[in-house]
Amino acid sequence: MKSFLKLPLIAFCILLPSQFLLAQETTDYTTSAGGSPVPAIIGLLVALLMIVAMWKVFAKAGQPGWASIIPIYNLYIWCKIVGRPAWWIILMLIPFVNIIVGIVLCIDMAKSFGKGVGFGIGLAFLGIIFLPILGFGSAQYQGAAAAEPNQGAVVSQPQQDV
């Protein structure tokens, strides 16, 4: 019974030195200067461009621009701009479903600004190019593309004589 209790200790003692023997890295980190700051600067500039472009798109649609930088709330405003119900935010939080919903929202966004389905697919897959075109370009908001035509309106049926 004592031999079984010593087994984890023996395994630890055997495996511990192998970590040090198999280590191949010999870099001295005390003299390492680190990487270049250029990728970080480019990344920050791209992020700033996307934030400003989305701000402009929200402003063109008559919504507050600052809403584009608030997580979750920006999804609500995006759904509101394209005419989708607010519960689509929940769909955006489900993995894999959010990809399809995002593509649909991008297509609806393009249609809301008078662009075609191709532009909407471009928004979905090449947003870094198409979002600034939408924000800084001459496209005007034409209303929610996905809104139902009689949303909230009561439609009366003509009475038939018997």
Side-chain angles (χ1 to χ4, degrees), residues 15 18-20 22-157:
L15 294 177
S18 67
Q19 292 175 354
F20 298 113
L22 296 176
Q24 299 292 318
E25 193 169 340
T26 58
T27 304
D28 183 14
Y29 291 108
T30 58
T31 60
S32 178
S36 172
V38 173
I41 292 170
I42 292 172
L44 288 173
L45 290 175
V46 168
L48 183 65
L49 173 71
M50 296 302 288
I51 289 170
V52 172
M54 194 64 155
W55 190 301
K56 295 284 286 181
V57 169
F58 276 37
K60 278 185 176 184
Q63 300 297 326
W66 56 264
S68 65
I69 59 174
I70 309 296
I72 308 299
Y73 183 63
N74 63 2
L75 294 176
Y76 170 72
I77 297 296
W78 190 15
C79 288
K80 191 174 171 183
I81 289 171
V82 301
R84 295 291 179 179
W87 59 266
W88 273 45
I89 297 169
I90 296 168
L91 296 177
M92 289 296 287
L93 300 175
I94 301 171
F96 300 111
V97 174
N98 61 358
I99 296 169
I100 303 302
V101 171
I103 293 170
V104 170
L105 286 175
C106 285
I107 291 171
D108 288 343
M109 177 77 89
K111 288 180 180 178
S112 296
F113 282 88
K115 303 288 185 180
V117 174
F119 193 89
I121 292 172
L123 272 173
F125 294 107
L126 293 171
I128 194 168
I129 296 168
F130 285 86
L131 194 60
I133 291 172
L134 193 62
F136 299 116
S138 62
Q140 296 297 317
Y141 183 68
Q142 299 176 354
E148 297 174 17
N150 295 325
Q151 187 176 11
V154 177
V155 179
S156 61
Q157 298 291 331

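Side-chain atoms are counted along with the backbone in the values below, which use heavy atoms only and exclude waters and symmetry mates.
The closest side-chain heavy-atom distance from Ile70 to Ile77 is not below 4.5 Å. Counting heavy atoms from C-beta outward, Val101 and Arg84 have side chains that stay 4.5 Å or more apart. Counting only heavy atoms from C-beta outward, the side chains of Phe136 and Lys56 approach each other to under 4.5 Å.
Distance CZ/Phe125 to CD1/Ile121: 7.0 Å, rounded to 0.5 Å. Rounded to the nearest 0.5 angstrom, Cys79 SG and Met109 CE are separated by 9.5 Å. Considering CG of Leu123 and CG of Leu105, their distance stands at 11.0 Å, rounded to 0.5 Å. Within the model, atoms CG of Leu126 and SG of Cys106 stand 11.0 Å from one another, a figure rounded to the nearest 0.5 Å. Of the inter-residue distances, the one linking Leu44 atom CG with Ile51 atom CD1 reads 9.5 Å to the nearest 0.5 angstrom.
Within 6.0 Å of the OH atom in Tyr76, the count of heavy atoms belonging to other residues, nucleotides or ligands does not exceed 12. The environment of CD1 in Ile90 is sparse: at most 12 heavy-atom neighbours from other residues, nucleotides or ligands sit within 6.0 Å.
Side-chain atoms of Ser112 do not come within 3.5 Å of backbone N or O of Ala144 as any donor-acceptor pair. A donor-acceptor contact shorter than 3.5 Å links the side chain of Tyr141 to the backbone of Ile81. Between the side chain of Lys60 and the backbone N or O of Ala139 there is at least one donor-acceptor pair closer than 3.5 Å.
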Assess the residue pair Leu91 and Asn98 against the criterion (side-chain contact (heavy atoms from CB on, under 4.5 Å)); give the C-alpha distance rounded to whole Å, side-chain angles, the decisive distance to 0.1 Å, and a yes or no.
CA-CA 6 Å; Leu91 296 177; Asn98 61 358; over 6 Å; no
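Contact between Gly102 and Trp78 at its shortest, heavy atoms only, is O-CH2, 4.2 Å. Smallest separation of non-hydrogen atoms from Gly65 and Phe58: CA-CB, 4.2 Å.
Among the candidates Leu131, Leu49, Asn74, the single residue satisfying the side chain to side chain contact (heavy atoms under 4.5 Å, CB included) test with Met54 is Leu131.
A perpendicular orientation is assigned to the rings of Phe130 and Phe119, their planes being inclined by more than 60° (bins at 30° and 60°).
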